[in-house]
Amino acid sequence: MANMPPTTSPSRTTCGSLLRELQIIWDEIGESDSDRDKILLQLEQECLDIYRKKVENTRKYKADLRQSLAEAEAEITNIVSSLGEHASFSRGRGTLKEQISAIKPILEELRSKKQERIKEFSEIQSQVVRICAEIADNGQSSLSSDPRVSESDLTTKKLGELKSHLLELQNERIFRLQKVTSHIKAVHELSAVMSIDFSKTLNEVHSSLTDPSGSQSKSISNDTLARLTGVIHTLKQEKQQRLHKLQDLGRTLVELWNLMETSLDEQKRFEHVTSLISSSVDEVLRQGCLALDVIEKTALEVEQLNVLKASKMKELVFKRQIELEEIYNGVHMDVDSHAARQILISLVDSGNVDLSDLLSSMDDQIAKAKEQALSRKDILDKVEKWRYATEEEKWLEEYERDENRYTAGRGAHKNLKRAEKARNLVSKIPSICENLTTKVKAWEMEKGIPFLYDKVSILHSLEDYIVLRHGKEEEKRKFREQKRLQDQLAAEQEARFGSRPTPKKPLGQSTSANTVVGTPTGRRVTTPSGRQGISAGKEHRDGRINNIIPVNYVVLPKDDSVSRGT
């Protein structure tokens with residue numbers, strides 16, 4: 001025990017101390033030198049292997065450090081290239097670890113910047129994919145995973161192009177959404193006018209268009225837009241057809257109302273229909289005005305009125321005949337009312353004629369009669385003026401034959417004024433006749449028929465009147481000549497015998513003591529003088545010629561002025 005080697009602290013143990021301790025132990029054991037050399041050689045070999053292994057490991061670690069540094073440099077280069085930046089860096093001097101420590105912050109910063117750029121690309125690409133899916137109407141199938149971002153090009157230029165593309169898509173989305181909204185509004189307006197289920201119509205196009213919660217965005221795909229356009233086109237065609245049908249029914253209603261003289265209160269029930277007769281398709285916007293029930297009710301009313309029309313058609317036919325007769329009578333045209341009514345009765349009773357066609361034919365006759373009446377109006381006005389002038393002429397003749405016309409009685413001043421107006425009008429009769437004759441001849445030449453006034457030719461009446469008027473003028477001329485001869489004879493007798501004519505009576509004194517002769521009043525006739533009237537006038541004129549005024553008749557000076565006025 002005393003020969004035991006001294007123990008040493010493990011922390012201070014070295015290879016030499018261990019070798020000395022091994023030598024002591026071998027001495028105690030009695031190992032031979034050869035064994036000792038063999039063991040030492042073995043120990044040396046083992047130490048060499050350990051050192052060699054350590055060197056190899058260290059060399060490998062060095063290589064790993066160099067590889068890490070190279071990879072870091074390559075990654076930095078790739079990141080800078082993908083980001084499109086021109087940043088430069090230097091690994092610096094020093095050991096590998098120092099170089100790695102120097103490059104590590106730069107790499108971390110670039111990695112962070114790259115991740116941020118990738119995230120930005122990803123967000124933009126997600127929006128692009130989402131909008132493209134909405135336009136393509138792919139639903140959510142393409143949104144199940146995030147879009148893959150290509151890390152080879154993360155430059156700001158590429159990012160700007162992607163943002164520009166996104167902006168175009170967003171604008172396209174807004175435009176499509178506005179278009180969809182506009183189409184929905186058009187469908188709503190058309191549906192409201194025709195009372196069509198708006199929600200059902202849109203739901204058939206796409207369910208998102210009628211989502212009440214608004215959680216689902218409206219479809220803006222090409223298919224949705226195309227289907228909305230088709231629905232609008234179909235609704236517009238339907239609106240056009242309904243409007244035309246309702247307008248036809250409205251016109252038929254108005255015709256039936258006019259035929260049967262329907263009261264305004266009854267007509268007001270379908271005022272909403274008749275107000276559309278002259279409306280265009282774009283002007284019809286009132287809600288429900290083209291609903292199917294409105295068309296059905298209008299069609300039913302037309303059907304009922306047609307049934308009622310058949311029962312009243314006979315009455316309407318005769319009303320048209322009365323209207324036709326009134327037009328002809330109003331313009332003094334000859335019409336055989338009795339014969340026309342007999343023909344109508346025979347046609348209606350026979351049942352061989354369509355009463356609607358008959359009414360239409362009578363309407364044409366009425367229109368033609370109104371046209372004829374209008375063409376005669378100017379001449380008829382001149383005929384009335386001529387008739388009035390001839391009546392005033394007759395009144396003036398009777399007035400001037402009245403010996404008491406200047407008596408200061410009641411109404412004398414009115415008769416004097418009327419006489420002055422009558423003289424003025426009578427003086428225009430020749431021009432009136434001439435103008436009327438010209439008008440009538442032009443009318444007859446244009447129409448090819450004579451102008452009759454209550455079955456009498458106006459030209460013949462004018463000719464007869466002119467002959468009669470010339471006769472009267474000749475009679476007045478002879479009367480004035482006879483008066484002149486009487487005055488001359490009276491003057492000769494007074495010069496020869498000194499005799500005086502019988503004193504004339506005071507003005508206003510009648511042949512009877514208590515009798516006052518009244519002034520004739522004017523009168524009107526409904527037709528111009530016919531041939532019979534003219535013949536009677538001629539006979540009356542001949543009677544007046546034979547009634548010679550007595551020789552001792554003294555004419556007042558006033559009579560001369562009156563004669564000149566006539």
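For the numbers below, each heavy atom of this structure counts, side chains included, while hydrogens, waters and symmetry mates do not. We number each residue from 1, following the sequence as shown.
Closest non-hydrogen pair, Glu444 versus Phe451, comes out as OE2-N, 2.7 Å. When all heavy atoms of Gln365 and Leu324 are compared, the closest pair comes out as OE1-CD2, 3.5 Å. The two residues Val294 and Thr298 make their nearest non-hydrogen contact at O-OG1, 2.7 Å. Nearest approach of Thr155 to Arg117, heavy atoms of both residues: C-NH1, 3.7 Å. Residues Thr390 and Ile429 approach most closely at N-CD1, 4.4 Å, considering heavy atoms. What you find for Ile379 and Trp443 is that their closest heavy atoms are CD1-CB, 3.5 Å.
Interatomic distance, CD1 of Ile295 versus CE of Met194, reported as 9.5 Å (0.5 Å rounding). The CZ atom of Arg111 sits 12.5 Å away from the CD1 atom of Ile106 when rounded to the nearest 0.5 Å. Within the model, atoms CD of Glu189 and CG of Leu235 stand 11.5 Å from one another, a figure rounded to the nearest 0.5 Å. A distance of 7.0 Å separates CD1 in Ile124 from CD in Gln127, rounded to the nearest 0.5 Å. Put simply, NE2 on His183 and CD1 on Ile232 are 5.0 Å apart, with the number rounded to the nearest 0.5 Å. For the atom pair CG of Leu246 and OG1 of Thr274, the computed distance is 9.5 Å after rounding to the nearest 0.5 Å.
The number of heavy-atom neighbours closer than 6.0 Å to CD of Glu109, taken from other residues, nucleotides and ligands shown, is 12 or below. Annotation for Gln170: atom CD counts as buried by contact number, over 12 foreign heavy atoms lying within 6.0 Å. For NZ of Lys439, the number of neighbouring non-hydrogen atoms (other residues, nucleotides, ligands) closer than 6.0 Å is 12 at most. Within 6.0 Å of atom CD in Glu108, more than 12 heavy atoms from other residues, nucleotides or ligands are found, so the atom counts as buried in its surroundings. Under a cut-off of 6.0 angstrom, the local environment of CD in Glu434 is sparse, with at most 12 non-hydrogen atoms contributed by other residues, nucleotides or ligands. Counting non-hydrogen atoms of neighbouring residues, nucleotides and ligands closer than 6.0 angstrom, the CD atom of Gln237 exceeds 12 such neighbours.
Checked by atom type and distance alone, the side chain of Asn306 pairs as donor or acceptor with a backbone atom of Val302 at under 3.5 Å. Side-chain atoms of Glu283 come within 3.5 Å of backbone N or O of Ser280 as a donor-acceptor pair. With Arg418 contributing its side chain and Glu392 its backbone, the two residues share no donor-acceptor pair below 3.5 Å. With Thr77 contributing its side chain and Glu73 its backbone, the two residues share a donor-acceptor pair below 3.5 Å. Side chain of Arg286 to backbone of His272: a donor-acceptor contact under 3.5 angstrom is found. A donor-acceptor distance shorter than 3.5 angstrom exists from the side chain of Lys239 to the backbone of Val284, with no hydrogens or angles considered. Judged by distance alone, the side chain of Ser122 and the main-chain N or O of Ile118 form no donor-acceptor pair under 3.5 Å. Using a distance-only test at 3.5 Å, with no hydrogens or angles considered, a donor-acceptor pair links the side chain of Thr201 to the main chain of Asp197. Although no hydrogens or angles enter the test, the distance criterion places a donor-acceptor pair under 3.5 Å between the side chain of Gln267 and the main chain of Thr262. Side-chain atoms of Thr437 come within 3.5 Å of backbone atoms of Cys433 as a donor-acceptor pair (strictly under, hydrogens ignored).
Applying the side chain to side chain donor-acceptor pair (under 3.5 Å) criterion to Ser191, with sequence neighbours excluded, gives no partner residue. Considering only residues two or more places apart in sequence or on other chains, Gln247 meets the side chain to side chain donor-acceptor pair (under 3.5 Å) condition with none of them. Residues that satisfy the side chain to side chain donor-acceptor pair (under 3.5 Å) test with Arg176, not counting sequence neighbours, are Glu172, Asn222.
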Run Thr224 and Leu209 through side-chain contact (heavy atoms from CB on, under 4.5 Å) and show every step you take.
CA-CA 10 Å; Thr224 300; Leu209 303 179; 4.2 Å; yes
Walk me through whether Glu323 and Lys370 qualify under side-chain contact (heavy atoms from CB on, under 4.5 Å).
CA-CA 10 Å; Glu323 183 180 354; Lys370 288 180 178 179; 4.0 Å; yes
Could you walk me through whether Lys218 and His206 satisfy the side-chain contact (heavy atoms from CB on, under 4.5 Å) test, starting with their C-alpha distance in whole Å, then the side-chain angles of each, then the deciding distance to 0.1 Å, before giving a yes or no?
CA-CA 8 Å; Lys218 290 182 174 62; His206 199 279; over 6 Å; no
Apply side-chain contact (heavy atoms from CB on, under 4.5 Å) to Lys163 and Glu120, showing your working.
CA-CA 10 Å; Lys163 287 181 178 180; Glu120 192 173 0; 3.3 Å; yes
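Residues Ile184 and Phe198 are in side-chain contact: their nearest non-hydrogen atoms beyond the backbone lie under 4.5 Å apart. For the pair Leu107 and Ile79, the minimum side-chain heavy-atom distance is below 4.5 Å. No side-chain heavy atom of Ser457 sits less than 4.5 Å from a side-chain heavy atom of Glu463. Side-chain atoms of Val128 and Leu169, non-hydrogen and from C-beta on, do get closer than 4.5 Å to each other. The shortest distance between side-chain heavy atoms of Leu166 and Ile131 falls below 4.5 Å. Contact of the Arg130 side chain with the Glu134 side chain is registered, since non-hydrogen atoms from C-beta on lie closer than 4.5 Å.
Salt-bridge check for Lys368 with Glu371: failed, with every basic side-chain N at 4.0 Å or more from each acidic carboxylate O. Salt bridge present: Arg423 and Glu420 bring a charged side-chain N and a carboxylate O closer than 4.0 Å. Here Arg251 pairs with Asp248 in a salt bridge; the nearest charged N to carboxylate O distance falls below 4.0 Å. Residues Asp381 and Lys377 are paired through a salt bridge, judged by an N-O separation under 4.0 Å between the basic side chain and the carboxylate.
When the options Lys236, Gln240, Arg242 are evaluated for a side-chain hydrogen bond (donor to acceptor under 3.5 Å, both in side chains) with Glu238, the one that passes is Arg242.
Residues Gln67 and Glu71 have side chains that bring a donor and an acceptor to within less than 3.5 angstrom of each other.
Between Trp386 and Tyr465, the angle of the ring planes goes over 60°, which puts this pair in the perpendicular group of the 30/60° scheme.
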